[in-house]
Amino acid sequence: MTRTPRMVRRDDFRPRADHRTIQVGTMWFDEPPADDERIQVPGDGLYLSTAHNDHHPLVRLETWSGEPPEPEEGLWTYRRAFRASLGETLAVLDLFCFFQESAPVTPGPYRFRLLHRSRELTPDEDQRFPEPTPCEVPLEVWLFQLWPEH
């Protein structure tokens with residue numbers, strides 16, 4: 001009998017994107033994912049390259065008991081899969097570490113699915129930058145789905 005994976009924990013963070021960058025870590029890679037236009041791997045973590053500057057994207061960490069269901073088709077514009085090992089927490093930081101929050105995780109190897117989407121600025125939003133506090137509907141969403149590698 002196959003068990004249906006369930007979400008164990010969900011954590012939402014709203015760091016400020018300075019210089020279009022958000023950091024996520026610490027994670028250790030046997031084979032780091034290749035850099036592209038959205039992620040860079042400078043060492044023991046990821047740099048996320050945001051679509052806008054001076055705003056508060058939503059970074060969601062979902063921990064699952066097994067591989068989660070496939071995401072809804074057409075909702076996400078970016079997708080990556082990779083493997084990494086984690087310690088006792090997974091942190092989300094802004095570029096200069098003024099914002100730092102973390103979620104507890106069980107140490108060990110994990111599989112990751114990283115999804116991203118952003119929306120265009122409305123004319124009135126374009127006048128509000130830098131964004132002093134998170135707007136109700138984020139301009140960007142980063143979703144990390146992670147589950148233990150068995």
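Along the sequence shown, the residues carry numbers beginning at 1. The analysis underlying the following values was restricted to heavy atoms, covering all of them including side chains, and did not include hydrogens, waters or symmetry mates.
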Where do Gln23 and Cys97 land on the side chain to side chain contact (heavy atoms under 4.5 Å, CB included) test, with the steps shown first? CA-CA 9 Å; Gln23 302 177 74; Cys97 299; 4.2 Å; yes
What's the separation between atom [atom1] in [X] and atom [atom2] in [Y], rounded to the nearest 0.5 Å?
X     : Y      : atom1 : atom2 : answer
Thr26 : Leu90  : OG1   : CG    : 8.5 Å
Asp18 : Thr50  : CG    : OG1   : 9.0 Å
Met7  : Glu62  : CE    : CD    : 3.5 Å
Asp54 : Leu139 : CG    : CG    : 11.5 Å
Arg38 : Leu115 : CZ    : CG    : 13.0 Å
Leu58 : Asp12  : CG    : CG    : 5.0 Å

Can you give me the closest heavy-atom contact between [X] and [Y], atom names plus distance?
X     : Y     : result
Trp28 : Gly87 : CZ3-N, 3.3 Å
Trp64 : Pro5  : CZ3-O, 3.9 Å
Pro15 : Ile22 : CG-CD1, 3.3 Å

Looking only at atom types and distance, does a side-chain atom of [X] sit under 3.5 Å from a main-chain N or O of [Y], one as donor and one as acceptor?
X      : Y     : value
Asp94  : Ala17 : no
Arg117 : Tyr78 : no
Ser65  : Arg6  : yes

How would you list, by chain and number, every residue that makes a salt bridge (charged side-chain N to carboxylate O under 4.0 Å, His left out) with Asp30, sequence neighbours excluded?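 Partners of Asp30 under the salt bridge (charged side-chain N to carboxylate O under 4.0 Å, His left out) test: none.
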Quick one: does [X]'s side chain get under 4.5 Å of [Y]'s, heavy atoms only?
X      : Y      : value
Trp76  : Val141 : yes
Leu46  : Phe144 : yes
Pro148 : Tyr110 : yes
His56  : Pro138 : no

Let's go through Val59 and Leu143 carefully: what are the C-alpha distance in whole Å and the side-chain angles of both, what is the deciding distance for side chain to side chain contact (heavy atoms under 4.5 Å, CB included) to 0.1 Å, and is it a yes or a no? CA-CA 6 Å; Val59 179; Leu143 173 59; over 6 Å; no
In plain terms, say whether Asp36 and Arg80 are close enough for a salt bridge, that is, a side-chain N and a carboxylate O under 4.0 Å apart.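 So Asp36 pairs with Arg80 through a salt bridge.
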Strictly below 4.0 Å, N to O, side chains only: are Arg9 and Asp11 in salt-bridge contact?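 A salt bridge is present here (some side-chain N lies under 4.0 Å from a carboxylate O).
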Just to verify, what does Phe112 make a ring pair (Phe, Tyr, Trp, His ring centres under 6.0 Å) with, not counting sequence neighbours?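 Residues passing ring pair (Phe, Tyr, Trp, His ring centres under 6.0 Å) with Phe112: Phe82.
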What residues form a ring pair (Phe, Tyr, Trp, His ring centres under 6.0 Å) with Phe96, not counting sequence neighbours?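 For Phe96, the residues satisfying ring pair (Phe, Tyr, Trp, His ring centres under 6.0 Å) (neighbours in sequence not counted) are His19.
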I'd like to know if Val41 and Trp142 are part of one continuous hydrophobic network [Ile/Leu/Val/Met/Phe/Trp/Tyr, side-chain heavy atoms within less than 4.5 Å].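 Yes; tracing contacts between hydrophobic side chains, which count when under 4.5 Å, links both residues.
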Distance-only side-chain donor-acceptor flag, [X] / [Y], under 3.5 Å:
X      : Y      : result
Trp147 : Gln145 : no
His116 : Glu140 : yes
Gln40  : Ser49  : yes

Give a yes or no on this: more than 12 heavy atoms of other residues, nucleotides or ligands lie within 6.0 Å of atom CZ of Phe99.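 More than 12 within 6.0 Å, yes.
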Within a 6.0 Å radius of atom CD on Glu37, are there more than 12 heavy atoms belonging to other residues, nucleotides or ligands?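 It does: Glu37 CD has more than 12 such atoms within range.
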Quick one: name the residues clustered hydrophobically with Leu93, using the 4.5 Å side-chain heavy-atom rule over I, L, V, M, F, W, Y, and just say none if it's on its own.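 Besides Leu93, the hydrophobic cluster comprises nothing; the residue is isolated.
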Validation: residues 101-108 side-chain donor-acceptor distances under 3.5 Å, sequence neighbours left out:
none

Criterion side chain to side chain contact (heavy atoms under 4.5 Å, CB included) on Tyr47 and Asp35, from CA distance to verdict: CA-CA 10 Å; Tyr47 282 178; Asp35 293 353; over 6 Å; no
Give the intermediate values and the outcome of side chain to side chain contact (heavy atoms under 4.5 Å, CB included) for residues Arg60 and Arg10. CA-CA 7 Å; Arg60 175 170 288 165; Arg10 183 179 87 188; 3.4 Å; yes
Glu70: partners by side chain to side chain contact (heavy atoms under 4.5 Å, CB included), with sequence neighbours left out: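 Counting only residues at least two positions away or on another chain, Glu70 forms a side chain to side chain contact (heavy atoms under 4.5 Å, CB included) with Glu67, Arg79, Arg113.
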